Amino acid sequence: MPIRVLSEEVASKIAAGEVVERPASVVKELVENSIDARAGEIKVEVRQGGRRLMRVIDDGIGIPADEVELAFARHSTSKIASVDDLASIRTLGFRGEALASIAAVSQLTIATRTAEEDVGTLLRLEGGKVAQRQKKGCPQGTVVTVENLFYNVPARLKFLRTEATERKHIDGLVYCYGMAYPHLRFSLLNDGRLTFQSLGTGELYDVLIKVYGLEVAQQMLEVRSSETDDLKPGTSNLELVDTYGYISPPSLHRANRDYLTFFVNGRWVQDRMLSYAVSEAYHTLLPTGRYPIVVLRLDLDPSQVDINVHPTKSEIRFLDSNAVFATVQKAVRRTLVDQAPVPGMMGRPLQWSATEIERRRKLVEVGTQTQLALEAQRTAGIEAPSAFEFPEPAKLPPLRVLGQVAQTYIIAEGPEGLYLIDQHAAHERVLYERLVAERAKRAVTSQALLEPLTIELPSVAGEESLKLLNQLGFDIEPFGGETVLVRAVPVMLAKGDIAQAIVEIVDGLIEGGTVEAREEQALISLICHSAVRAGQTLSSEEMRDLVRQLEQTAMPRTCPHGRPTMIHLSAEQLAREFGRR
Ligand code: ADP
Ligand code: MG
């Protein structure tokens with residue numbers, strides 16, 4: 001075929017495809033426009049997962065009658081005038097493509113009025129062409145109705161998923177914008193049923209309750225970079241990154257990454273680096289294959305982010321991504337260290353840290369929706385969080401050892417009641433932190449064996465495995481064939497089953513992954529073999545020692561595999577169980 005310029009119709013459909021992937025993309029663009037139009041209330045209506053109809057109603061500034069058609073021309077926008085404006089952009093839109101794209105692949109009706117006009121404008125477009133225009137009385141603001149999406153692009157229509165799936169995407173999107181803009185009132189109607197509503201209290205926490213439910217929201221920990229910042233002055237752009245949001249404690253996790261939500265300058269973004277920064281912060285706190293619930297907003301100078309990476313604007317680039325990574329990772333980690341509560345007994349409310357309690361108390365005082373929620377809960381006979389009476393610092397309080405149960409758990413008493421400590425998990429945590437510290441100083445203490453030990457290792461183990469073991473405090477060398485000679489082992493393992501431990505550590509190493517992941521694997525495996533086992537009788541002194549050491553760790557509440565090291569039963573709970581209250 002000779003080269004030809006595509007007809008306007010084909011070109012516009014191709015361009016539309018970049019912006020409008022599925023019904024949720026339409027809702028995203030329309031909601032972003034409403035936010036840019038300084039709306040206070042945004043109503044979203046959806047029929048049949050958006051295939052049949054999507055409508056977004058706002059009370060924003062509206063579009064003047066003589067500009068309505070222009071809004072549907074490609075690359076027409078009121079938000080930027082020159083390339084330079086891109087560096088200081090504060091609106092969500094700027095490409096001037098969304099309305100044109102949506103209109104090209106649907107039947108679209110807009111009704112809009114500005115504050116200065118007495119009467120509004122109604123415009124109807126079919127496949128991007130104006131089909132009807134008239135004056136129309138309507139409230140100030142804009143209503144955009146999109147019907148029969150992709151009616152003129154059968155290829156696209158075929159790629160739509162089930163109604164339920166498309167609906168889920170739209171739901172997720174409205175939740176996200178609800179959380180990003182807690183001072184706006186959002187509502188979502190699905191086939192005539194109100195399925196989500198935010199109240200515009202300005203508190204992210206209130207929206208969190210609506211999105212994830214009260215039970216989850218109550219457990220979430222607040223992240224504030226002002227509290228978590230310990231930046232040296234003059235450290236590049238770091239200071240400009242403001243981090244705010246909520247993260248789940250280590251006891252609350254999900255099976256996939258869908259619960260990681262990030263906003264950068266009010267824009268909902270999908271960004272691997274940010275997800276990675278969060279996983280790093282939860283390192284060793286969550287069981288493998290589990291993910292936290294995170295809602296974080298970052299605010300930084302617009303010139304530090306490139307938002308013009310993709311037509312959907314959900315991908316961004318940071319100018320100094322290392323700095324952003326470090327800030328996010330630190331803010332999250334700090335929150336976890338300072339605030340992560342001890343897991344409560346089954347079905348019992350969790351215990352919060354002092355700062356957390358103070359925050360919750362303030363929220364209640366402010367008289368927000370939270371208070372209503374708590375009251376509703378109280379009248380429903382559900383326990384109000386007992387943490388109001390029982391501050392729980394993140395560090396362990398001094399504990400007095402009382403005894404051992406089932407040769408597995410240490411019973412201890414503290415100022416706030418009873419603690420059951422898993423001796424193996426607790427010892428793993430102690431050893432893990434010790435080993436990490438020693439390795440950082442390149443000072444893992446090893447102990448020479450009285451008689452060197454020979455072990456057979458699978459030949460695939462290779463020299464790299466030996467090198468890794470030697471960094472962990474072993475002294476191992478090849479001894480011909482598949483045999484190795486062990487001369488020394490890390491002190492912590494000296495009393496364990498050395499041969500068994502080495503074989504298992506090496507097995508773990510063969511499984512692959514990055515060098516760091518393999519190192520970590522080896523380290524955890526070594527610790528697991530060195531720690532006291534369940535079923536081992538401990539003397540009072542040994543138990544006291546272990547508890548003392550656990551008190552001194554930075555993360556006393558979980559083992560390196562992410563399981564809890566202890567269960568707390570507060571004096572309050574005991575009193576309740578015995579019917580004293
Ligand atoms: P962009 O948002 O990138 O500017 P759009 O195609 O989404 O491009 O919208 C084009 C223009 O139409 C916007 O710049 C804005 O002036 C106007 N507009 C769109 N939606 C609304 C709305 N809900 N309220 C007021 N003005 C709107
Ligand atoms: Mg827009």
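When a residue number appears, it is its place in the shown sequence, counting from 1. As the structure lists them, so they are numbered: ligands from 1, and atoms in each ligand from 1. Here the structure is a predicted model, which is why all the values come from computation and not from measurement.
- For ligand 1, the atoms sitting less than 4.0 Å from at least one non-hydrogen atom of Thr77 are 1 (P), 4 (O), 14 (O), numbered in the order shown with element in parentheses.
- In this structure, Gln140 contributes its side chain and Gly60 its backbone to a donor-acceptor pair below 3.5 Å.
- Counting atoms of ligand 1 from 1 in the listed order, those under 4.0 Å from a heavy atom of Glu97 are 6 (O), 8 (O).
- Closest to atom 2 (O) of ligand 1, if we only count protein heavy atoms, is Lys79 NZ, 2.7 Å.
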Can you list the steps and then say if Tyr205 with Tyr246 is a ring-ring contact (aromatic ring centres under 6.0 Å, His included)?
CA-CA 8 Å; Tyr205 188 71; Tyr246 285 87; 5.6 Å; yes
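- In this structure, atom 12 (O) of ligand 1 lies nearest to the protein heavy atom Ala71 CB, 3.5 Å.
- Close approach of ligand 1 to Arg95 is summarised as follows: ligand atoms under 4.0 Å from at least one heavy atom of the residue are 3 (O).
- Applying the salt bridge (Lys or Arg N to Asp or Glu O under 4.0 Å) test to pairs two or more places apart or on separate chains, those with a residue in residues 138-166 are Arg22-Glu166, Arg52-Glu147, Arg124-Glu147.
- With respect to Arg254 and Asp258, no salt bridge is recorded, no charged nitrogen being found less than 4.0 Å from a carboxylate O.
- The side-chain hydrogen bond (donor to acceptor under 3.5 Å, both in side chains) pairs that include a residue from residues 84-94 number zero, where partners must be two or more places apart or lie in different chains.
- Taking a cut-off of 2.8 Å, the protein N, O or S atoms nearer than that to the Mg ion (ligand 2) are Asn33 OD1.
- Checked for salt-bridge contact, Glu69 and Arg133 meet the test: a charged N lies under 4.0 Å from a carboxylate O.
- Looking at ligand 1, you'll find an N or O of Gly96 within less than 3.5 Å of one of its N or O atoms.
- Checked against the 6.0 Å centroid criterion, the rings of Phe196 and Tyr175 qualify as a close aromatic pair.
- For atom 15 (C) of ligand 1, the closest heavy atom belonging to the protein is Ser78 OG, 3.5 Å.
- With Arg333 contributing its side chain and His283 its backbone, the two residues share a donor-acceptor pair below 3.5 Å.
- Protein heavy atom closest to atom 22 (C) of ligand 1, with residue, atom name and distance, is Thr142 OG1, 3.7 Å.
- The aromatic rings of Tyr177 and Trp268 lie perpendicular to each other, with more than 60° between the two planes, well past the 30° mark.
- An N or O contact shorter than 3.5 Å links Asn33 to ligand 1 by distance.
- Of the polar atoms of Leu99, at least one N or O is found under 3.5 Å from an N or O of ligand 1, judged by distance alone.
- Contact atoms of ligand 1 toward Phe94: 1 (P), 3 (O) (distance under 4.0 Å to a heavy atom of the residue).
- Checked against salt bridge (charged side-chain N to carboxylate O under 4.0 Å, His left out), Arg185 has the following partners two or more places apart in sequence or in another chain: Glu41.
- Applying the side-chain contact (heavy atoms from CB on, under 4.5 Å) test between Val143 and each of Arg55, Arg113, Glu45, Lys43 identifies Arg55 as the sole match.
- The nearest protein atom to atom 23 (N) of ligand 1, hydrogens excluded, is given as Asp58 OD2, 2.9 Å; this is a heavy-atom distance.
- Heavy-atom contacts of Gly93 reach the following atoms of ligand 1: 2 (O), 3 (O) (cutoff under 4.0 Å).
- Heavy-atom proximity to Gly62, at under 4.0 Å, picks out these atoms of ligand 1: 25 (C).
- Atoms OG1 and CD, from Thr243 and Gln329 in turn, are 12.0 Å apart once rounded to the nearest 0.5 Å.
- Between Asp299 and Arg297 there is a salt bridge, with a side-chain nitrogen of the basic residue lying less than 4.0 Å from a carboxylate oxygen of the acidic one.
- Here Tyr276 and Phe325 bring their ring centres to under 6.0 angstrom of each other.
- Of the protein's non-hydrogen atoms, Ile63 CD1, 3.6 Å is the one closest to atom 18 (N) of ligand 1.
- Under a 4.0 Å criterion applied to the non-hydrogen atoms of Ser76, ligand 1 contributes the atoms 10 (C).
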